Amino acid sequence: MSDLAHAGTVPDERNDRRLHLAIMVGIVLALIVTPFFLYPVFVMKCLCFALLALAFNLLLGQGGLLSFGHAAFFGMASYVSAYAAASWQLPPELAILAGMLAATVLGAVFGSLAIRRQGIYFAMITLALAQMVYFFSLQATGFTGGEDGIQGVPRGMLFGVIDLSSDRALYWVVAAIFMAALAAMYRIMNSPFGEVCKAIRDNEPRAISLGYGVNRYKLTIFILSATLAGLAGAMKALVFQLATLTDVHFSMSGEAVLMSLVGGVGTIFGPIVGAFVIVTMQNYLASLGGWVTVIQGVVFVFCVIAFRDGIVGTLARLIRRPL
Amino acid sequence: MSELIGIPPQVLLGQIVLGLINGSFYAMLSLGLAVIFGLLNIINFAHGALYMMGAFVAWMLLHYLGINYWAALLLVPLLVGAFGVLIERFLIARIAHLDHLYGLLLTFGIALIIQGLFRNGFGSSGLAYEIPDALRGGQNLGFMFLPNYRAWVIVASLAVCLLTWFVIEKTRLGSYLRAATENPALTETFGINVPLLITLTYGFGVALAALAGVFAAPIYAVNPNMGVDLIIVVFAVVVIGGMGSIMGAIITGFALGLVEGLTKVFYPELSATVIFIIMVLVLLVKPSGIFGRSI
């Protein structure tokens, strides 16, 4: 949607890479410092949602595909991880992997159906498929716990060594996973694969005529995005020791979209900023109750009408560098 | 005939009627979506919220102003339709030149605002709307008892749908509309005010949703979530029917309501998802939808 990924000359690109590296180092430093100032669970919540928004934005920014169903991957992974940790007593690393695997499989199925249509239809199909997952979660009470969700998920011992029951210990793990996922995403975006995806996004007929198997690329980026959204959901289940219907409800998909939009669609770091803004807003406005929805709606409308580049996108335009 | 395929006919026919009622809401809503999509190229995510708003405005007219159901049938679509015109003029028109996905995001935001406001004002529990006196009671058809109001909803919404189809496909106004859908720039050079046509079309689509809301008010409890649950099913109906044809929206709407009702009889667990399953099957066989033009 946004055209920030413009082609620059080679020295420009090298400068950009250096800038991005500096920002990543900055994020690492920030992650190291924040638990001393902020409540770790709050920061972990922000990181989980940031990862969900990043995953959503990977699909939209690289593939030009707007999914309105990422809650399905997020929520299903959250259920599977919670179930694996609570009922099968799997250690956290395997529980997270199980959740990611579930999201990957779901992503492969949904992706192969959704990429048959484009644009608005694509968004509607992802939404409708995600709604199937929601109804499944509502009805399969033996697995999901229905309205109650899966509660009291044990965080367990990471690799049998690190006790994650303390928030501080879990924080370092979540921060490390987040950083690794961000680095992986950056690598994907700047790989030949990522470039082909961008070519398809910008001009699909041209990419087809160049001989690329367009659908295969679209499906791959869809699955990657679903897997990362699953990672976010799996982490969320461990952080809150809880998996509920909220995670699979389509308003969760809407939140992922909102976070990307606020931060800057198609930017690299925008979704992180957007997630922190939205989660902070929800936390501090929680006392307003139902007004939070209204305010979110107003933010949505405002961003679409007057602030389409988002925070990071606007910043990137000001300094004329992709962020 | 005490049993039909192992199911008591009362249950079977009852669910068929219920399915047709749901189907009439699907048809009216997907018809409105199709009309709006045709000219504005926007999936109106606020459609469910505007349907809910229709039901609430009918309730408010009755309880605050004493305006009865029959007047509401006319007033509510006008009021909510006018609200839709404002939305189009002040918000949607500003992003008309952008990627259509922005329209989806914008209307999603509008839906959040409307739902949030009604949730704050009225809470999440349902409000009752009395069935108008003339439509109380029902007919004993021998095999089942058909409430008059439900029969009325099915007939009335079918009439509204067919009237809409007639206006779009058979009248001069409709031909302008179809021309503007096909090629807005060319239509404008013929001296037709396309922006006005777009605004009125959006207003009309919204009015259809609001009218569906008035129909729904006496059947379902009037509550802020009534649109949320419905709209995604309607989106699936739209994908199944394909956006190409007005008649497609109507037929698919009623047919899927019926399918859903029958599923409730034979395999209740699947009734919430059967429409989505059909959507998947249709996508696999004919991605443009049953009545859709290939895009």
Side-chain angles (χ1 to χ4, degrees), chain A residues 1-2 60 64-69 109-110 112-136 138-140 249-251 253-255 257-258 260-261 265 288-306 308, chain B residues 37 41-43 45-46 49 90-92 94-95 98-121 123-124 224 228-229 231-240 242-243 269-273 275-277 279-280 283-284 287-289 292 295:
Chain A
M1 286 166 97
S2 164
L60 181 55
L65 300 166
L66 181 124
S67 152
F68 234 95
V109 176
F110 285 13
S112 57
L113 286 165
I115 60 165
R116 295 167 146 257
R117 302 301 303 274
Q118 289 168 344
I120 304 174
Y121 278 96
F122 176 87
M124 284 166 59
I125 290 164
T126 51
L127 174 64
L129 289 171
Q131 204 61 7
M132 276 173 85
V133 173
Y134 175 78
F135 284 124
F136 168 79
L138 190 64
Q139 288 174 355
H249 194 256
F250 85 88
S251 52
S253 305
E255 274 180 25
V257 182
L258 182 60
S260 289
L261 200 59
V265 165
L288 293 176
W291 288 104
V292 176
T293 324
V294 180
I295 294 168
Q296 269 186 351
V298 171
V299 173
F300 238 113
V301 171
F302 172 74
C303 284
V304 173
I305 295 283
R308 276 186 293 277
Chain B
F37 181 79
N41 254 314
I42 277 181
I43 285 293
F45 222 117
F90 290 106
L91 298 173
I92 296 176
R94 285 168 193 267
I95 56 144
L98 296 171
D99 194 306
H100 311 315
L101 295 173
Y102 283 113
L104 186 150
L105 298 181
L106 177 68
T107 48
F108 182 71
I110 295 171
L112 285 183
I113 297 174
I114 297 173
Q115 272 148 20
L117 287 177
F118 277 97
R119 208 168 291 151
N120 285 333
S124 288
V228 185
D229 305 330
I231 191 66
I232 300 171
V233 178
V234 174
F235 281 161
V237 170
V238 164
V239 172
I240 295 168
M243 277 288 200
E269 291 81 7
L270 221 57
S271 63
T273 43
I275 288 185
F276 301 113
I277 294 168
M279 181 193 77
V280 169
L283 277 175
L284 286 173
S288 57
I295 296 169

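For the numbers below, each heavy atom of this structure counts, side chains included, while hydrogens, waters and symmetry mates do not. None of the values given here were measured: they were computed from a predicted structure. Each chain gets a letter, A, B and so on, in the order the sequences are listed, and its residues count up from 1.
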Would you check, one step at a time, whether the test side-chain contact (heavy atoms from CB on, under 4.5 Å) holds for A:Leu65 with A:Leu60? CA-CA 5 Å; A:Leu65 300 166; A:Leu60 181 55; 6.0 Å; no
What distance separates A:Leu127 CG from A:Met132 CE, expressed to the nearest 0.5 Å? 13.0 Å
Flag the one option from A:Gln139, A:Met124, A:Gln296 with the top tally of heavy-atom pairs under 4.5 Å to chain B. A:Met124
Structural part of A:Leu129 lying under 4.5 Å from a heavy atom of chain B: both
Structural part of B:Ile114 lying under 4.5 Å from a heavy atom of chain A: neither
Which atoms of A:Phe302 approach chain B - backbone, side chain, both or neither, heavy atom under 4.5 Å: neither
Please report the closest heavy-atom contact between A:Val294 and B:Ile113, naming both atoms and the distance. O-CG1, 3.8 Å
Here the gap from A:Glu255 atom CD to B:Leu112 atom CG, rounded to the nearest 0.5 Å, amounts to 9.0 Å
Got a sec: does the CZ of B:Arg94 have more than 12 other heavy atoms crowding it under 6.0 Å? no
Answer key: most heavy-atom pairs under 4.5 Å with chain A among B:Leu106, B:Ile42, B:Val239, B:Thr107 is B:Leu106
Run the ring-centre check on A:Tyr134 versus A:Phe250 and record whether the distance is less than 6.0 Å. no
Side chain from CB out, backbone as N, CA, C, O: work out which of these in A:Val257 comes under 4.5 Å of a heavy atom of chain B, or both, or neither. side chain
What part of B:Phe276 gets within 4.5 angstrom of chain A, counting heavy atoms only: side chain, backbone, both, or neither? both
Measuring heavy-atom distances to chain A, does B:Leu117 have an atom under 4.5 Å in its side chain, in its backbone, in both, or in neither? both
If you tally heavy-atom pairs under 4.5 Å between each of B:Ile43, B:Asn41, B:Thr273 and chain A, the highest tally belongs to B:Ile43
So what's closer than 4.5 Å to chain B heavy atoms on A:Phe122: side chain, backbone, both or neither? neither
Which label fits B:Phe45 and A:Phe68: parallel for a plane angle under 30°, tilted from 30 to 60°, or perpendicular past 60°? tilted
Residue from B:Gly116, B:Ala236, B:Gly109 scoring the most non-hydrogen pairs under 4.5 Å with chain A is B:Gly109
Answer with side chain, backbone, both or neither: which region of B:Leu91 has an atom nearer than 4.5 Å to a non-hydrogen atom of chain A? both
Say whether, by atom type as modelled, one donor and one acceptor occur between the side chain of A:Arg116 and the main chain of B:Leu283 under 3.5 angstrom. yes
